[in-house]
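The chain is numbered in sequence order, starting from 1. Being a predicted model, the structure only gives us computed values, none of them experimental.
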Amino acid sequence: SMIRYQAKTVVDSLLENCSEKDIPRFAEILFRHYQDPQSVDSEGAFALLDTLLNFPVDHIPDLSALLNFINWWLSNGESVQQAAALRLLRYLQASLPKAHPAQCQIKEIVQNDNYEHNTLLLFLHAHIGYRVGLDTTNLFAKLDQPEAVSNVFLDNLKSATPWVFKAVGVEYLLHQATHNPQANILHIATHFSNLIKVSENVVVRRMAGEALLSLAPKLTPERRNEIAVELSKALETGQAEIAQYIPGYLGQFTLWLSPRELDEVLDHMLFLLSSPNNSVAAASLSTVGFMLEHYAVYGERFSEPAKKLEQ
């Protein structure tokens, strides 16, 4: 149900607003649900696994029981539960001290699993394996194969693909862009741009937006301009989702454009401000607002005189 999928939001909000002394009492109640994995249905298991992605590890009352819960669903769940379990396992491994006893249990879990049938599960598995000291050379070689990359591109734009796989897909493609010399960075950046525009899931939109911003320095000036123009054109549709999510990323992305190209985007925003569609005008104004908010970095990227920047 929808209530289950709000569990993470509720837990995150509760942790943010409750006092430190109340966290153990709250955690004790929450972690009762992780004691018997077999008694939880598949949708409930996914929600429970996703809920803990921001939970402070030092407040987990029984880490061994949680790892047993994760391991059970890795062995018995469908691919969606396995993805959620691996994401949580990765979070726990990265959050715990290297000398923590639970690291041995995590290593044992990862050693005994095989996910070569699914590129994105393999990606998560390889990352955890690398961090716990396993030889993952062959795994990363398989992840770098063009066929694997192509399949993720296709799956990420299908409405039937679960959002968790689209989210991991963004991570995987960003890793390809930053670690695989053969990766087509423009293709990946354009894909992120498309996800910001069309993804039905907020998490995926935001991950794609952050990934696009991280790729901006790796793109040529011409390619940056192409993507900025496409995102600017998307504002003209007036769709509520686009008006809500694109301005923040477009505003920051345009600050990687040359002064001349930046002026062209500003001219376009000025044109959109006169639109009879309130949503279009608001989106263009929001975009300019984000440009101003982050404008301090522009002088470091381009040799603009101080007086010019102040204007």
Going by salt bridge (Lys or Arg N to Asp or Glu O under 4.0 Å), name the pairs with one or both residues in [range], residues two or more places apart or in two chains.
range	value
residues 244-253	none
residues 7-21	Lys8-Asp12
residues 133-157	Glu116-Lys142, Asp155-Lys158

* Asked: Pairs in or reaching into residues 115-156: which pass ring-ring contact (aromatic ring centres under 6.0 Å, His included), with residues at least two apart or in two chains?
  ->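 For residues 115-156: Tyr115-His125, Phe123-His127, Phe123-Tyr172, Phe123-His175, His127-Phe140, His127-His175, Phe140-His175, Phe153-His187, Phe153-His191.
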
* Listed once per pair and sorted, the ring-ring contact (aromatic ring centres under 6.0 Å, His included) pairs that draw on residues 230-249, sequence neighbours left out -> none

* Asked: When clusters are formed from ILVMFWY side-chain contacts under 4.5 Å, directly or step by step, what else is grouped with Val229?
  -> none

* Asked: Can you find a pair of side-chain heavy atoms, one from Leu15 and one from Asn54, that are under 4.5 Å apart?
  -> no

* To do: Kindly state each residue pair satisfying side chain to side chain donor-acceptor pair (under 3.5 Å) with at least one member in residues 73-85, sequence neighbours excluded.
  =>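 Qualifying pairs, neighbours excluded: none.
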
[X]: salt bridge (charged side-chain N to carboxylate O under 4.0 Å, His left out) partners, not counting sequence neighbours:
X	value
Glu222	none
Asp58	none
Asp22	Arg25
Arg206	none

* To do: State whether the side chain of Glu230 and the backbone N or O of Glu226 hold a donor-acceptor pair below 3.5 Å, judged by distance alone.
  => no

For a quick test of your reading: what N or O donor-acceptor pairs under 3.5 Å do the side chains of residues 233-243 make, sequence neighbours left out?
unit_1 : atom_1 : unit_2 : atom_2 : d
Glu236 : OE2    : His268 : NE2    : 2.8
Thr237 : OG1    : Ala234 : O      : 2.9
Thr237 : OG1    : Gln239 : N      : 3.4

